[in-house]
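Lettering of chains follows the sequences in order, A, B, ..., and the numbering in each one begins at 1.
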Protein chains: 2
Amino acid sequence: MATGWQDIHDEALRRIQSRDWLPGALIPNEAALAREFGCARATVNRALQSLANAGWLERRRRAGTRVTLSPQRRAQLAIPLIRQEIESKGQIFSHIIISRQNATMPSPQRAALGLQDAPNAQHVQTLYLADARAYAFEDRWINLAAVPDFVAAPLDRISPNEWLVQNAPFAHGTLDYSAAPAGTAAPHLNCQPDTPLMILERRTFGLDAPVTHVRLSYAPNFHLHLKI
Amino acid sequence: MATGWQDIHDEALRRIQSRDWLPGALIPNEAALAREFGCARATVNRALQSLANAGWLERRRRAGTRVTLSPQRRAQLAIPLIRQEIESKGQIFSHIIISRQNATMPSPQRAALGLQDAPNAQHVQTLYLADARAYAFEDRWINLAAVPDFVAAPLDRISPNEWLVQNAPFAHGTLDYSAAPAGTAAPHLNCQPDTPLMILERRTFGLDAPVTHVRLSYAPNFHLHLKI
DNA sequence: GACTCAATTATGTCTATACATAAACGTAAT
DNA sequence: ATTACGTTTATGTATAGACATAATTGAGTC
């Protein structure tokens with residue numbers, strides 16, 4: 001009998017998906033499964049933890065393990081590093097800096113980053129290209145108090161996005177996808193101001209301080225694709 | 001010394017985020033870390049596996065463990081069970097069936113589900129409401145060959161989405177978010193036909209056969225919010 | 001019936017040990 | 001050089017045993 005934890009994982013998943021184990025129902029405990037599969041309890045534990053982690057099972061001490069009632073499946077969304085997004089499609093990535101200047105950060109961005117005062121900031125507008133065709137337009141504010149070196153970043157050679165990924169350690173952030181008219185991004189993306197575009201707003205925070213606020217307007221027909 | 005695997009996980013993550021361990025660099029091997037933390041290798045293994053799983057580390061046999069070069073962070077997106085989406089905001093969920101009829105599935109949906117022939121299908125249009133305000137408009141095709149019982153589903157009491165979640169075991173599917181004009185969904189969502197909306201297209205497959213194709217048009221100002 | 005508290009139990013985790021396996025390394029043969 | 005092959009090494013995984021911890025159960029009490 002093949003009794004790697006993966007095999008137990010797969011068999012348990014099969015029982016869940018085939019409704020052998022019904023949603024909400026208790027499944028046999030670890031000791032029983034270990035007996036059934038002829039392996040140690042730790043091996044069963046590993047398999048079930050993995051399934052719980054993926055959202056198929058809910059486990060509580062003493063109460064046992066049950067199949068998740070509404071299997072609110074989770075999709076993993078890889079955070080778009082635009083270069084990879086483009087190159088993974090076999091296209092050539094490039095970028096153009098539209099504008100770059102120091103300025104005080106405007107209120108909306110300050111609020112989004114939770115900044116009380118108006119720190120020195122740099123405002124960069126970038127156009128990302130896939131095979132020389134407009135892919136996305138980026139409007140970015142960088143908090144220079146968090147990454148002072150950014151003023152010296154050679155943005156002609158490396159995109160703001162990549163420079164920050166490589167040089168600014170970061171802990172967490174938020175993403176916000178929405179739909180909106182192209183507006184001022186229209187001329188850069190070769191569309192009409194009222195063309196619906198997918199918008200990504202991203203806030204990034206370092207270990208201590210807010211780092212950057214980005215509004216990314218994707219070219220028309222962009223799709224955010226996920227598998228579950 | 002507190003040496004649960006979580007503690008080791010946290011300390012390792014701290015070293016990554018603080019650039020104590022630089023991107024791309026090798027980190028000490030499990031035996032060395034076990035010595036440092038005064039615990040068994042298995043405990044270190046658990047911590048590092050967890051970090052690798054989350055995308056912070058890359059591990060290869062014999063080659064050791066290194067910090068991911070471009071920490072392509074992953075966000076976990078909970079698949080929208082609309083009821084939960086609405087109720088989690090403290091609003092009251094309800095739905096209205098706009099239309100429901102048997103028909104042969106049209107080509108675009110057939111193609112999306114990879115169906116060769118045109119099986120019997122049911123077409124359901126549903127409006128989802130949050131506190132009696134339009135939240136999303138759903139246009140759904142169900143492959144009756146996969147879930148024949150659907151014809152008897154009491155959709156006045158339970159939404160198509162929920163009925164399928166509860167009654168159709170499913171294995172996998174795809175999600176596609178995009179931006180598009182409201183079009184024919186406009187009157188249901190109280191907006192203009194050219195208002196930009198967030199569109200979710202979902203394909204769901206059972207263990208054997210394709211189950212359903214859904215096009216969901218969210219009301220204006222919908223945001224898909226993720227944390228990383 | 002309502003409440004308290006101890007016994008029970010399923011999962012959570014750690015340990016020491018062992019062996020499996022992939023991949024890098026070094027050496028020897030071509 | 002290049003190739004082939006055995007050695008070394010770091011991770012992957014299994015095991016038995018032990019104790020920790022949360023939570024339900026149930027017995028005893030008011």
*Out of dG12(D), dA16(D), dA14(D), whichever nucleotide has its closest atom nearest the side chain of N45(B)*: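 It is dG12(D).
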
*asked:* Applying a 4.0 Å non-hydrogen cut-off, can you work out what R41(B) is touching in the nucleic acid: base, sugar-phosphate, or nothing?
replied: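 Base, at least one base atom sits under 4.0 Å.
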
*According to the interplanar angle, ranging from 0 to 90°, do the rings of Y218(A) and Y135(A) count as parallel (below 30°), tilted (30 to 60°) or perpendicular (above 60°)?*
perpendicular

[X]: which residues meet the side chain to side chain contact (heavy atoms under 4.5 Å, CB included) condition with it, sequence neighbours left out?
{"X": "L26(A)", "value": "R66(A)"}
{"X": "A40(B)", "value": "T43(B)"}
{"X": "R35(B)", "value": "A31(B), A32(B)"}
{"X": "A42(A)", "value": "none"}

Determine: side-chain N/O of [X] to OP1/OP2 of [N], distance under 4.0 Å, yes or no.
{"X": "T43(A)", "N": "dT15(D)", "answer": "yes"}
{"X": "R62(A)", "N": "dT21(D)", "answer": "no"}
{"X": "Q49(B)", "N": "dT13(D)", "answer": "yes"}

[X] [atom1] - [N] [atom2] separation (whole Å):
{"X": "R46(A)", "N": "dG12(D)", "atom1": "CZ", "atom2": "C1'", "answer": "8 Å"}
{"X": "R61(A)", "N": "dT25(D)", "atom1": "CZ", "atom2": "P", "answer": "18 Å"}
{"X": "R60(A)", "N": "dA23(D)", "atom1": "CZ", "atom2": "P", "answer": "6 Å"}
{"X": "H9(A)", "N": "dG12(D)", "atom1": "NE2", "atom2": "C1'", "answer": "17 Å"}
{"X": "W5(A)", "N": "dT15(D)", "atom1": "CH2", "atom2": "P", "answer": "14 Å"}

_Any D176(B) side-chain heavy atom under 4.5 Å of R203(B) side chain_ = yes

*Minimum side-chain heavy-atom gap I27(A)-L48(A) below 4.5 Å*: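 Heavy-atom side-chain distance check passes, below 4.5 Å.
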
_Checking N45(A) against Q49(A): is there a side-chain donor and acceptor pair closer than 3.5 Å?_
yes

*Cationic tip of R133(B) within the cone over F93(B)'s six-membered ring, i.e. under 6.0 Å and within 45° of the normal?*
no

*Between A63(A) and A42(A), which has a closest nucleotide on DNA chain C that is more 5'?*
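Nearest nucleotide further toward 5': that of A63(A).
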
*asked:* Taking any atom closer than 4.0 angstrom to a non-hydrogen atom of chain B, what span of DNA chain C does the protein reach, first nucleotide to last?
replied: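 The contact span of chain B on DNA chain C goes from dT13(C) to dC25(C).
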
*Residues touching DNA chain D, which here means a heavy atom under 4.0 Å, drawn from residues 27-35 of chain A*: none

